[in-house]
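What follows is a short report on a single structure.
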Amino acid sequence: MIDIKLLRKNPEFFIEALRKRNSSPELVDEILKIDAEWRKLTSEVNNLKAERNNLSKLVAKAKAEKDEVKAREVIEKSKEIGEKIKKIEEVQKELEEKILNIALNIPNIPAEDVPIGKDETENVEVRRWGEPRKFEFEPKAHWDLGPDLGLMDFERAAKLSGSRFTVMYGYLARLERALVQFMLDVHTKEHGYTEVWLPHLVKRQTMTWTGQLPKFEEEAYNTSKDDLFLIPTAEVPLAALHAQEVLTEKELPKKYTAFTPCYRREAGSYGKDVRGMIRQHQFDKVELVWVTTPERSFEDLEQLTKDAERILQLLELPYRVISLCTGDLGFAAAKTYDLEVWLPSYNAYKEISSCSNDTDFQARRANIRYRGKDNKLHFVHTLNGSGIAIGRALVAVIENYQNPDGSITIPKVLIPYMGVERIP
RNA sequence: GGAGAGGUGGCCGAGUGGUCGAAGGCGCUUGCCUGCUAAGCAAGUGUGGGGGUAACCCCACCGAGGGUUCGAAUCCCUCCCUCUCCGCCA
């Protein structure tokens with residue numbers, strides 16, 4: 001959430017930021033107008049309350065002195081004020097709700113070094129790693145490769161659940177599990193992350209804390225009876241883990257990793273990535289989340305991104321790193337690097353990880369603070385990144401490691417987890 | 001699901017209608033003392049909001065939301081959470 005105090009002081013800054021993002025700059029004026037009214041009422045009601053508090057003391061005093069007449073007189077006066085207060089408070093509450101509603105729909109402010117651009121065509125490539133393999137045969141797309149091996153089944157998945165679901169058997173099912181184990185091992189043993197096991201159903205409140213709600217309700221699966229949401233990413237429960245808490249500066253940064261399935265309705269993505277298992281309603285992901293301080297959060301984003309890149313390097317999958325431009329940034333992000341892996345079926349680099357610094361955006365919503373060296377309370381900064389998406393990693397592995405006979409060589413680092421060197 | 005107990009400041013814990021933002025303790029900060037450490041002594045120590053150049057002033061907050069009352073941590077209602085026992089259960 002944005003800082004309303006800053007917004008009062010410097011509305012132009014926010015208007016400019018929203019413009020860069022292709023968002024709605026008019027929200028700034030809207031919120032300021034309501035806020036001015038709110039402040040006026042707040043002053044008024046505070047003064048009335050002060051008056052009432054004084055009268056209450058007089059009542060106590062009069063009663064102590066057994067002066068019933070005086071007491072009754074003051075009580076009458078106080079009653080009148082009480083009614084005024086009630087009326088103003090009703091209006092005040094309405095205004096507060098309006099302000100909150102708008103504030104919850106304003107995205108994070110882009111960091112200064114984020115490239116300015118209108119949409120994904122203006123993202124900037126930062127670096128590349130590895131060379132796309134030159135095939136001496138016509139490589140198959142995973143949606144052919146998998147079913148040809150008899151290990152990937154889109155028809156039965158559709159029978160069970162509809163489109164955008166996949167069933168896998170045998171070695172491919174095992175490959176999914178191997179990737180999970182491998183990534184968690186790297187992050188916990190080599191990168192110092194704490195592994196976390198999490199609920200996959202969370203409250204509406206939790207989704208609001210991290211920024212998924214209220215704006216993106218259409219995207220989320222909801223269990224109507226209990227109003228719980230299936231998590232679209234482990235970022236939600238991980239980033240909200242310390243909601244409403246005060247942390248000590250000493251314990252920061254906290255580095256968490258978690259494996260969970262992710263559930264997304266993919267509303268509005270009709271016609272996008274319709275073949276294969278690139279865009280699914282359910283997919284596995286190993287997530288990375290840092291809870292850190294404002295002083296170091298952008299440095300930390302570089303490290304988190306490298307931690308995610310390390311997975312692709314160990315798997316020897318060619319990729320590139322993209323810095324998202326202002327127009328393509330996610331709602332909560334101030335800065336984002338996407339990792340894109342080479343996919344022969346697309347003949348292009350395809351997103352496999354997204355690493356963001358959300359600065360204090362989630363911390364404000366979820367009220368996550370730490371006590372600094374100055375002994376004062378400050379909002380933490382939260383970072384998140386895929387470390388990395390399992391389903392797309394599986395696709396990348398089988399497509400990039402396929403052989404002319406339709407078999408798949410297992411990447412070196414996965415052999416201990418697979419128990420075999422090739423599939424089948 | 002049934003029965004019971006409970007939710008107070010960073011933590012423990014007192015407080016059943018009025019000077020309670022809240023005793024006391026622990027912790028923390030600062031100073032004194034002390035070969036070092038520990039102990040001891042003294043003072044300070046919540047958060048959020050509004051106003052003011054500032055010193056500072058005001059308001060709110062005792063799980064959440066309503067209600068009663070001139071006035072609520074304290075009384076009433078609803079909800080949430082935790083614990084104990086019973087039932088059910090992977």
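On a predicted model such as this, the values are computed, not experimentally measured, just so you know. Atoms considered below: every heavy atom in the structure, side chains included; atoms not considered: hydrogens, waters and symmetry mates.
Relative orientation of the His142(A) and Phe154(A) rings is perpendicular, given thresholds of 30° and 60° on the angle between their planes. Relative ring orientation between Phe216(A) and Phe331(A) is described as perpendicular, the plane-to-plane angle rising above 60° on a 0-90° scale split at 30° and 60°.
C62(B) is unpaired under the Watson-Crick or G-U wobble criterion, no partner having all donor-acceptor distances under 3.5 Å. The partner of C41(B) is G31(B), by the rule that a Watson-Crick or G-U pair needs both atom distances under 3.5 Å. In this structure, G10(B) and C26(B) make a Watson-Crick or G-U wobble pair, each of the two defining distances being under 3.5 angstrom. When Watson-Crick and G-U wobble pairs are counted only if both distances are under 3.5 Å, U82(B) pairs with A5(B). When both distances must be under 3.5 Å, the Watson-Crick or G-U wobble mate of A54(B) does not exist. In a base pair of the Watson-Crick type (N1 to N3 plus N6-O4 or O6-N4) or a G-U wobble (N1-O2 and O6-N3), with each distance short of 3.5 Å, G87(B) is matched with no nucleotide.
Phosphate proximity of G18(B) to Arg52(A): absent, as no side-chain N or O sits under 4.0 Å from OP1 or OP2. At least one side-chain nitrogen or oxygen of Arg39(A) sits closer than 4.0 Å to the OP1 or OP2 atom of G51(B). Distances shorter than 4.0 Å separate none of the side-chain N or O atoms of Lys250(A) from OP1 or OP2 on C28(B). Between Asn46(A) and the phosphate of G51(B), there is no side-chain N or O to OP1/OP2 separation shorter than 4.0 Å. The side chain of Lys63(A) contributes no N or O atom lying less than 4.0 Å from OP1 or OP2 of C70(B).
Using a 4.0 Å heavy-atom distance criterion, Asn47(A) is classed as making no nucleic acid contact. Residue contacts shown for Lys57(A) are absent, as no nucleic acid heavy atom lies under 4.0 Å away. Here Ser78(A) lies in heavy-atom contact (under 4.0 Å) with sugar-phosphate atoms only. Note on Lys40(A): nothing from the nucleic acid sits closer than 4.0 angstrom, heavy atoms only. Residue Leu377(A) is classed as a sugar-phosphate contact, given heavy-atom separations below 4.0 Å to backbone atoms only.
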Output, in order, the C-alpha distance, side-chain angles, deciding distance and verdict of salt bridge (Lys or Arg N to Asp or Glu O under 4.0 Å) for Lys285(A) and Glu235(A). CA-CA 10 Å; Lys285(A) 182 154 60 68; Glu235(A) 175 203 336; over 6 Å; no
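Here the C1' atom of nucleotide U47(B) and the NE2 atom of His378(A) are 14 Å apart, to the nearest Å. The nearest whole Å value for the distance from the NZ atom in Lys203(A) to the P atom in A64(B) is 14 Å. If you take CD of Glu245(A) and P of G10(B), they are 13 Å apart, rounded to a whole angstrom. To the nearest angstrom, P of G49(B) lies 18 Å from CD of Glu89(A). Rounded to a whole Å, the CZ atom of Arg364(A) is 11 Å from the P atom of G48(B).
Where Thr42(A) and Arg371(A) meet RNA chain B, the nucleotide closest to each residue was compared, and Arg371(A) sits on the side nearer the 5' end.
Shortest non-hydrogen contact noted between Tyr193(A) and Tyr256(A) is CD2-O, 3.4 Å. The shortest non-hydrogen separation linking Gln282(A) to Tyr263(A) is CG-CE2, 3.7 Å.
When the C1' atom is compared between A14(B) and G6(B), the two are found 16 Å apart, to the nearest whole Å.
Within a 6.0 Å sphere centred on NZ of Lys350(A), other residues, nucleotides and ligands contribute more than 12 heavy atoms.
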